[in-house]
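Order of the sequence lines sets the chain letters (A, B, ...), proteins ahead of strands, with each chain counted from 1. Being a predicted model, the structure only gives us computed values, none of them experimental.
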Amino acid sequence: MDKVYDHKHVESKWYSFWEKKGFFSPKKTKKYFSIILPPPNANGKLHIGHAMYVIEDIMVRYHRARGDSTLWLPGADHAGILTQVVYERVLEKKGKTRHELGREEFFKQTYKFTQENKKHMYTQLRAMGFSLDWSREKFTLNPDISRAVYQTFKLLYDDGLIYRGDRMINWCPRCGTVLSDLEVNHKEKEANLWYIKYPIKNSKKFVIVATTRPETMLGDTAVAVNPGDAKYKDLVGEAAILPLLNRELPIIADSFVDPEFGTGAVKVTPAHDPNDYEIGERHSLPKIGVIGMDDKMTTLAGKYSSLDKYAARKQILADLENQDLVDRVERHKYSIGVCERCDTVVEPQISKQWFVAVNKTGRSGKNLAKNALEAVRTGNITIIPKRFEKIYYHWMENLHDWCISRQLWWGHQIPVWYKGSEVHVSVEPPKGSGWKQDTDTLDTWFSSGQWTFTALGWGQKNFRDFEKFYPTTVMETGYDILFFWVARMIMLGLYVTDKVPFETVYLHGLVRDERGQKMSKSKNNVLDPLDVAKKYGADAVRMALVFGTGSGNDTNLGESKIRGMRNFTNKLWNIGRFIIDMAPEKRAKTKGSEEDKKILKELAGIKSVVTHGIENYNFGIVSELLYNFIWHEFADNYIEYSKTRREETQETLEKVFEESLRLLHPFMPFITEELWQRLPQAIRKANSIMVSDWPE
RNA sequence: GGUCGUUUAGCUCAGCGGUAGAGCGUUCGGUUCACAUCCGAAAGGCCGGUGGUUCGAGUCCACCAACGACCACCA
């Protein structure tokens, strides 16, 4: 054995050994343990956050050693809007647009793009040592998955829980699609608040309204005041004249209006503001769309039509100034919605879209949000750390209907066909001619929300895995997608299968750089998991990611920590060298000295602590204790002690080392396998540490 | 506006009721004898602040402060 451990000669060798032996597939035993890998987006390579999958690998390797029928199922996500945006950027560099390619060709190219990324990502997952069952690999856009997703759509539709309607939605003018509320980020901004004078009909007086968006005034259909506002009491029922267009606007009373804000009078634009939309509904106001889906003013905007909305704003303000209708301007902080994927300012629009009625009880008696809340409240699903349960409740209790249609080309096309006024919802296209399929695609989270059961074969030809491994045992993912994904999986899982999709949700934190800053290319602080794995070994990277971390908290990771863990691999290696390479020729019976008793007692203690720790998701502590035991108890104390009496300590050395390797294997699979294989055959009870029993 | 989290050694973080911990860094001393990716020793903390509960509190409770995150339809 070399003096220094070289992971390069070890890691890839063992991974292909395990894979060839079929160790990643579940054995047939009574107890099941399953985790569905949160599918990484197939539009790039893996980042350090994905390396957190190591937590899943630890659980999976542990349960395999416990003898459970253990499945860890890999897959990749087509990631609808994000992938479309990414591939559009690829096209942009070639000076092309998706419209030049056309829908079919764009889809074809994007598909190819994702398959290439996928292949590369899978290589990366293997390099990290993740013991995934590749024979069951799935892609969210596979035809069989698509069929299953269509079945769910139909179930919900037939149950009255999916509907199509004109609603106020978030529109991204850049992406050209509707976004769900979750896909809109709110940014705090300081902007002008313009106070505009609206003349009162048959009077020389004005009512002054405040707005941050003067261009929307062209779509005003009322002025609203608070019903209890004495200052405007006499105006209610009167009319104001909309400047520039001279439209008559009723002055109405609505309790939404805050008498303390601005002037206490609000312009109402039902077509371009969610609150105004609500007011409009309550008072049956007309809705005049003056901003088009392309962010240019429509023909309803009169002389401003075809101007970009910001250009229109400028012009409108100038025109108002000329008529002396701008009372004053204040600086004002407000929050503005932007597209999560491209940062473009989102425009509220009224548009016909497909929605999931999350708060409604269907004919089946099921209610998505209610049932999903109950599952956690009753403890059928446990969320770790516990504080996220409260966050989950709060979100679920305030859910709005979920818009699931997207005007994208990349995704599952909506399984609805139209012919004239007929609407046909089904998995297969309807028979007969003249039917045209809906051109929209489904929100990517609508399909990934079903991943726990579609990936296991639900609704497909081979659903044996579903019968065995569903509900899955643990869902391990980042807390940042609790709403996007976890909540949707709970809703759809319960709805479709009548069972929880998983028993436990374990949420890990985000990986940040050494100083706690978010990793980003512009800051040049990005750690590529494969780069560091190449440099220090995947074992070291894995250990560094869990060592001394608390669940649900963000973890700061720098190269120095990984280096420290690499040093630990070297320590292990040299312990191995000492025990294996430099074994004494003869052995004597163990006398059972105080030192022997001490190390064996400590070993027994560490076994119990590690077992409990893994069962209770305390990976940070467990890894730290193992590290300290092996280095500071075993190496620094017992091995030092053994040096002067090798013959009578060799047996204990081997025993403690062998068991330590098995305990450490879920964390550092490669080096533990390598060293374990070098131990005397007599003390190894399997042909791989990966399939040997957990130390009892 | 609401909710949640964080605040412990120079840096990054564990610990969450019983005499202050780790990794990295720092200082001093070690070249045969597994490992300098090492060994031995040491310095360094009124565990954010103020009250309270307790025989006993980084550890539980209340309030405060700073930082961070998330949610939210105030023009």
Side-chain angles (χ1 to χ4, degrees), chain A residues 1-6 168 181-182 185-186 191 193-196 209-214 216-217 223-224 256-269 273-279 332-335 337 348 385 387-391 393-395 397-398 400 479-480 482-483 509-510 512-518 536-537 540 543-544 546-583 618 620-625 627-628 631-632 635-636 639-640 642-644 653:
Chain A
M1 286 168 81
D2 290 337
K3 219 165 135 178
V4 172
Y5 173 60
D6 184 1
M168 172 133 288
D181 294 345
L182 263 183
N185 289 149
H186 296 276
L193 183 63
W194 286 277
Y195 286 77
I196 301 171
V209 297
T211 182
T212 52
R213 304 194 53 200
T216 63
M217 70 181 283
V223 169
F256 163 78
V257 181
D258 176 0
E260 303 300 318
F261 188 90
T263 61
V266 189
K267 59 188 274 312
V268 182
T269 321
D273 183 279
N275 295 313
D276 293 4
Y277 178 84
E278 295 294 325
I279 297 176
H332 172 63
K333 253 200 294 188
Y334 80 121
S335 105
R387 64 184 147 93
F388 284 106
E389 290 189 354
K390 203 173 162 187
I391 295 172
Y393 296 146
H394 181 255
W395 192 72
E397 281 160 2
N398 295 289
H400 296 296
Y479 66 75
D480 53 324
L482 176 64
F483 304 142
L510 274 31
R512 297 167 176 280
D513 82 353
E514 226 155 349
R515 281 173 304 174
Q517 290 185 304
K518 221 171 188 169
Y536 300 109
M543 194 68 170
V546 292
F547 189 91
T549 58
S551 61
N553 285 348
D554 292 352
T555 52
N556 296 357
L557 182 69
E559 245 184 278
S560 65
K561 188 171 180 186
I562 300 171
R563 207 178 302 125
M565 296 303 138
R566 188 272 319 264
N567 294 354
F568 179 56
T569 60
N570 193 240
K571 188 69 187 178
L572 273 172
W573 180 255
N574 277 287
I575 293 171
R577 218 154 68 91
F578 178 77
I579 295 174
I580 301 157
D581 252 19
M582 301 170 190
N618 292 322
I621 292 180
V622 167
S623 51
E624 213 173 319
L625 288 173
Y627 175 103
N628 283 323
W631 197 318
H632 301 301
D636 290 350
I639 290 179
E640 286 307 315
S642 78
K643 281 180 180 170
T644 53
L653 283 170

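You'll find the side chain of Trp395(A) stays beyond 4.5 Å of the side chain of Ile391(A), heavy atoms only. Contact check for Phe256(A) versus Glu278(A): no side-chain heavy atoms found under the 4.5 Å cut-off.
Using a 4.0 Å heavy-atom criterion, one finds that Phe483(A) contacts the sugar-phosphate atoms exclusively. Val209(A) comes within contact range of no nucleotide atom at all, as no heavy-atom separation falls under 4.0 Å. Heavy atoms of Phe568(A) sit nowhere under 4.0 angstrom from any nucleic acid atom. Among the heavy atoms of the strands, none lies under 4.0 Å from Tyr277(A).
Using atom C1' as the reference point in both rU12(B) and rA72(B), the two lie 34 Å apart (nearest Å). Rounded to whole Å, the separation between the C1' atoms of rG29(B) and rG10(B) comes to 23 Å. Between rC38(B) and rU54(B), the distance separating the two C1' atoms is 47 Å to the nearest Å. rG40(B) and rU31(B): their C1' atoms are spaced 15 Å apart (whole Å). Taking atom C1' on both rG48(B) and rG68(B), the two are 15 Å apart, rounded to the nearest angstrom. Comparing rA41(B) with rC47(B), their C1' atoms are spaced 26 Å from each other, to the whole Å. Across the C1' atoms, rU19(B) and rC55(B) are found 15 Å apart, a figure rounded to whole Å. Going from the C1' atom of rA9(B) to that of rG21(B) covers 10 Å, rounded to whole Å.
Asn567(A) contributes atom CG, which lies 11.5 Å from atom CG of Leu572(A) (distance to the nearest 0.5 angstrom).
Among the nucleotides rA34(B), rG23(B), rA75(B), the one closest to the side chain of Asp258(A) is rA75(B).
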Might you list the N or O atoms of the protein lying below 3.5 Å from N or O atoms in nucleotides 39-43 of chain B, with each pair's distance?
{"residue": "rC39(B)", "atom": "OP1", "partner": "Lys571(A)", "partner atom": "NZ", "Å": "3.1"}
{"residue": "rC39(B)", "atom": "OP1", "partner": "Trp631(A)", "partner atom": "NE1", "Å": "2.4"}

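Residue whose closest nucleotide on RNA chain B sits further toward the 5' end, between Lys3(A) and Gly620(A): Gly620(A). Nearer to the 5' terminus of RNA chain B, by closest-nucleotide assignment, is the contact made by Thr555(A) (compared with the other of Thr555(A) and Ile575(A)).
Residue His332(A) has a polar side-chain atom (N or O) positioned under 4.0 Å from OP1 or OP2 of rA75(B). Checking the phosphate oxygens (OP1, OP2) of rC11(B), no side-chain nitrogen or oxygen of Lys561(A) falls inside 4.0 Å. OP1 or OP2 of rC35(B) has not a single side-chain nitrogen or oxygen of Asn567(A) nearer than 4.0 Å. For Lys390(A), a side-chain nitrogen or oxygen approaches OP1 or OP2 of rC4(B) to under 4.0 Å.
With rounding to whole Å, Ile621(A) atom CD1 is found 7 Å from rA14(B) atom C1'. Summarising the geometry, the separation between CD on Glu624(A) and P on rG15(B) is reported as 9 Å, rounded to the nearest angstrom. For the pair Phe547(A) CZ and rC24(B) P, the interatomic distance rounds to 9 Å; values are reported in whole Å. We find that CD of Glu397(A) is positioned 12 Å from C1' of rU3(B), with the value rounded to whole Å. For the pair Arg577(A) CZ and rA34(B) P, the interatomic distance rounds to 9 Å; values are reported in whole Å. The interatomic distance linking His400(A) (NE2) with rC71(B) (P) rounds to 13 Å, in whole Å. Here rU37(B) presents its C1' atom at 10 Å from OH of Tyr536(A), a figure rounded to the nearest Å.
Base pairing of rG45(B) is not made with any nucleotide, judged by Watson-Crick or G-U wobble geometry with both donor-acceptor distances under 3.5 Å. Pairing partner, rA22(B): rU12(B), with both Watson-Crick or wobble hydrogen-bond distances short of 3.5 Å. Within the shown strands, rA65(B) is the pairing partner of rU7(B) under the Watson-Crick or G-U definition, both distances less than 3.5 Å. Pairing partner, rC60(B): rG52(B), with both Watson-Crick or wobble hydrogen-bond distances short of 3.5 Å. Pairing for rG40(B) goes to rC28(B), judged as Watson-Crick or G-U wobble with the two contacts each under 3.5 Å. In this structure rC35(B) sits in no base pair that meets the Watson-Crick or G-U test at under 3.5 Å.
For the pair Lys561(A) and Phe547(A), the tightest heavy-atom approach, listed with the atom from each and the gap, is NZ-O, 2.8 Å. When all heavy atoms of Asp276(A) and Lys267(A) are compared, the pair lying nearest together is OD2-O, 3.4 Å. Considering every non-hydrogen atom in both Pro348(A) and Arg213(A), the closest pair reads CD-NH1, 4.0 Å.
Ring geometry, His332(A) versus Phe261(A): the interplanar angle exceeds 60°, so the pair is classed perpendicular (tilted spans 30 to 60°).
Taking the O4'-C1'-N9-C4 or O4'-C1'-N1-C2 dihedral as appropriate, rG58(B) has a value within 90° of 0 and is therefore syn.
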